[in-house]
Amino acid sequence: MPELPDVEIFKRYVDATSLHKRIESVSVSDERILRETTEKKLKSGLEGKAFDSAVRHGKYLFVSLDGGVNLLMHFGMTGFVRYYKTTPGDLHHTRVLFDFDNGYHLAYSNQRLLGKIGIVGSVDDFIDKNNLGPDAGEIDFTVFSSVLAKGRGTVKGTLMNQNNLAGIGNIYSDEILYQAGIHPEHKENELEKHQIKKLYEAMRTVLKTAVDCGANPDEMPDSYLLPHRADGAECPGCKGTIEKTKISGRSTYYCPKCQK
DNA sequence: AGTACCACCTGACGGC
DNA sequence: TGCCGTCAGGTGGTAC
């Protein structure tokens, strides 16, 4: 699931539960989730230290520890974190577990193993090295416009490309385009100025609203596509029919009447 | 340089 | 009941 709003919720969750507690031990139950590190390195880097603060960039979460080290977390499609004292019955697929000195635990769960856990020094270096664009929640209008002006692909593809701007995935690109009234296959360099402005405003509003709703579609306004994101569903705007199609291999939902 | 497609994984669901 | 294909909100490599 996790796109920018979801990861922002995870960040707040980690901030609220897991900071300033001594990490007694770290255990990895599936090494395939590790990125450029090993269980041994993770243990030696984290055990005995404490999480200090969490920072999010796009869909990545970095949790800093004393000593200039950061735990890197990416959630893929099925990842999340959970803080608890007694192992919850509905918690499966814990890949990495952090045990704190207060008897509580933080689990990084990820069913499909598409995410990753690692250790990085500087967050800025990581962003540079991976060519991540500015965070979608922070990008200013001028930069946003210049990004959109140069590409020749579909608007949807551009919004989802993490090298352009970081944090938007399949779900929220659909929502943003729906709110902006722009067809997902619109060629990005053929967008008019007022459409780019509208897209930018929609992006900001959607991301903020989603975070305010705890990234939970059930909490979102009825005027949003997310609660109606199904083939044949009723468009909350025009009462027409939501259609499903595929754009660059990803399932895409949109309203043909509202989005031109 | 930019875009399209497949592989990486697991599990749920519908059809036969 | 069981097997099979398909699909799922991400990313990175490779091939055009």
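The figures here come from the full heavy-atom set of this structure, side chains too, leaving out hydrogens, waters and symmetry mates. So that the names make sense, note that chain A is the first sequence line, chain B the second, and so on, each numbered from 1.
- Computed from coordinates, the A:Asn131 CG to C:dT11 C1' distance equals 14 Å when rounded to whole Å.
- Between the C1' atom of C:dT11 and the CZ atom of A:Phe126 lies a distance of 11 Å, rounded to the nearest Å.
- Phosphate proximity of B:dC5 to A:Arg250: absent, as no side-chain N or O sits under 4.0 Å from OP1 or OP2.
- We find that NE2 of A:His57 is positioned 15 Å from C1' of C:dT11, with the value rounded to whole Å.
- Applying the 4.0 Å criterion to OP1 and OP2 of C:dG10, one finds that A:Lys59 has a side-chain N or O inside that range.
- Comparing B:dT10, C:dT11, C:dA8 against the side chain of A:Arg32 picks out B:dT10 as the nearest.
- Each of A:Thr154 and A:His93 has a nearest nucleotide on DNA chain B; the 5'-most of these lies closest to A:Thr154.
- Residue A:His74 places at least one side-chain N or O under 4.0 Å from the OP1 or OP2 atom of C:dT11.
- The side chain of A:Leu113 approaches B:dC9 more closely than any other nucleotide in the set C:dT11, B:dT3, B:dC9.
- Within the nucleic acid shown, A:Gly76 comes within 4.0 Å of sugar-phosphate atoms alone, with no base atom in reach, counting heavy atoms only.
- Taking only side-chain atoms of A:Gln111, from C-beta outward, the nucleotide of B:dG2, C:dA8, B:dT10 with the closest atom is B:dT10.
- If you look at A:Tyr83 and A:Tyr13, their ring centroids are not closer than 6.0 Å.
- When the nucleotides B:dT10, C:dT11, B:dC9 are ranked by their closest atom to the side chain of A:Leu114, B:dC9 comes out on top.
- The nearest whole Å value for the distance from the CZ atom in A:Phe10 to the C1' atom in C:dG9 is 11 Å.
- When the nucleotides C:dG12, C:dG9, B:dC9 are ranked by their closest atom to the side chain of A:Met77, C:dG9 comes out on top.
- For the ring-ring contact (aromatic ring centres under 6.0 Å, His included) test with A:Phe10, the passing option among A:Phe62, A:Tyr60, A:Phe75 is A:Phe75; the others fail.
- When the C1' atom of B:dG2 is taken as reference, atom CG of A:Asn161 falls 9 Å away, rounded to whole Å.
- Comparing atom distances between the A:Lys246 side chain and each of B:dT10, B:dG2, C:dC7 picks out C:dC7 as nearest.
- At a cut-off of 3.5 angstrom, counting only N and O atoms as typed in the model, there is no donor on one side facing an acceptor on the other between the side-chain of A:Asn170 and the base of C:dG10.
- Counting non-hydrogen atoms under 4.0 angstrom, A:Arg229 reaches the backbone sugars and phosphates but no base.
- For A:Arg112, whose side chain is taken as the heavy atoms from C-beta onward, the closest listed nucleotide among C:dG10, C:dG9, B:dT10 is B:dT10.
- Look at A:Lys150 and you won't find any side-chain N or O under 4.0 angstrom from OP1 or OP2 of B:dT3.
- Using a 4.0 Å heavy-atom cutoff across all strands shown, A:Glu3 reaches sugar-phosphate atoms only and no base atom.
- Spacing between atom CZ of A:Arg152 and atom C1' of B:dA4 amounts to 13 Å, rounded to whole angstrom units.
- In this structure, A:Thr78 reaches neither bases nor backbone, as no heavy-atom distance under 4.0 Å exists between it and the strands shown.
- The aromatic rings of A:Tyr200 and A:Phe144 are tilted relative to each other, their planes meeting at an angle between 30° and 60°.
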Could you provide the dot-bracket string of DNA chain B, using ( ) for intrastrand pairs, [ ] for crossing pairs and | for bases paired to another strand, with Watson-Crick or G-U pairs below 3.5 Å? .|||||||.|||||||

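- Atom OH of A:Tyr253 and atom P of C:dC7 are 10 Å apart (whole Å).
- Within 4.0 Å of A:Asp6, counting heavy atoms only, lies at least one base atom of the nucleic acid.
- By the 4.5 Å heavy-atom criterion applied to side chains, A:Met73 and A:Tyr108 are counted as neighbours.
- Distance noted for atom P between C:dT14 and B:dC9: 16 Å (whole Å).
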Please assess A:His105 against A:Asp99 for the test side-chain hydrogen bond (donor to acceptor under 3.5 Å, both in side chains), listing each intermediate value before the final yes or no. CA-CA 5 Å; A:His105 315 272; A:Asp99 303 319; 2.6 Å; yes

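- Contact of the A:Pro217 side chain with the A:Tyr224 side chain is not registered, since no non-hydrogen atoms from C-beta on lie closer than 4.5 Å.
- Residue A:Leu71 is tested with A:Val96, A:Leu46, A:Thr37, A:Val120 for a side-chain contact (heavy atoms from CB on, under 4.5 Å); the sole match is A:Leu46.
- In this structure, A:Lys156 atom NZ and C:dG9 atom P are separated by 8 Å, rounded to whole Å.
- You'll find the side chain of A:Phe100 reaches within 4.5 Å of the side chain of A:Ile23, heavy atoms only.
- Rounded to whole Å, the separation between the P atoms of B:dA1 and C:dT11 comes to 22 Å.
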Are A:Phe51 and A:Leu65 close enough, and set up right, to give a side chain to side chain contact (heavy atoms under 4.5 Å, CB included), and what steps lead you there? CA-CA 5 Å; A:Phe51 292 133; A:Leu65 297 111; 3.8 Å; yes

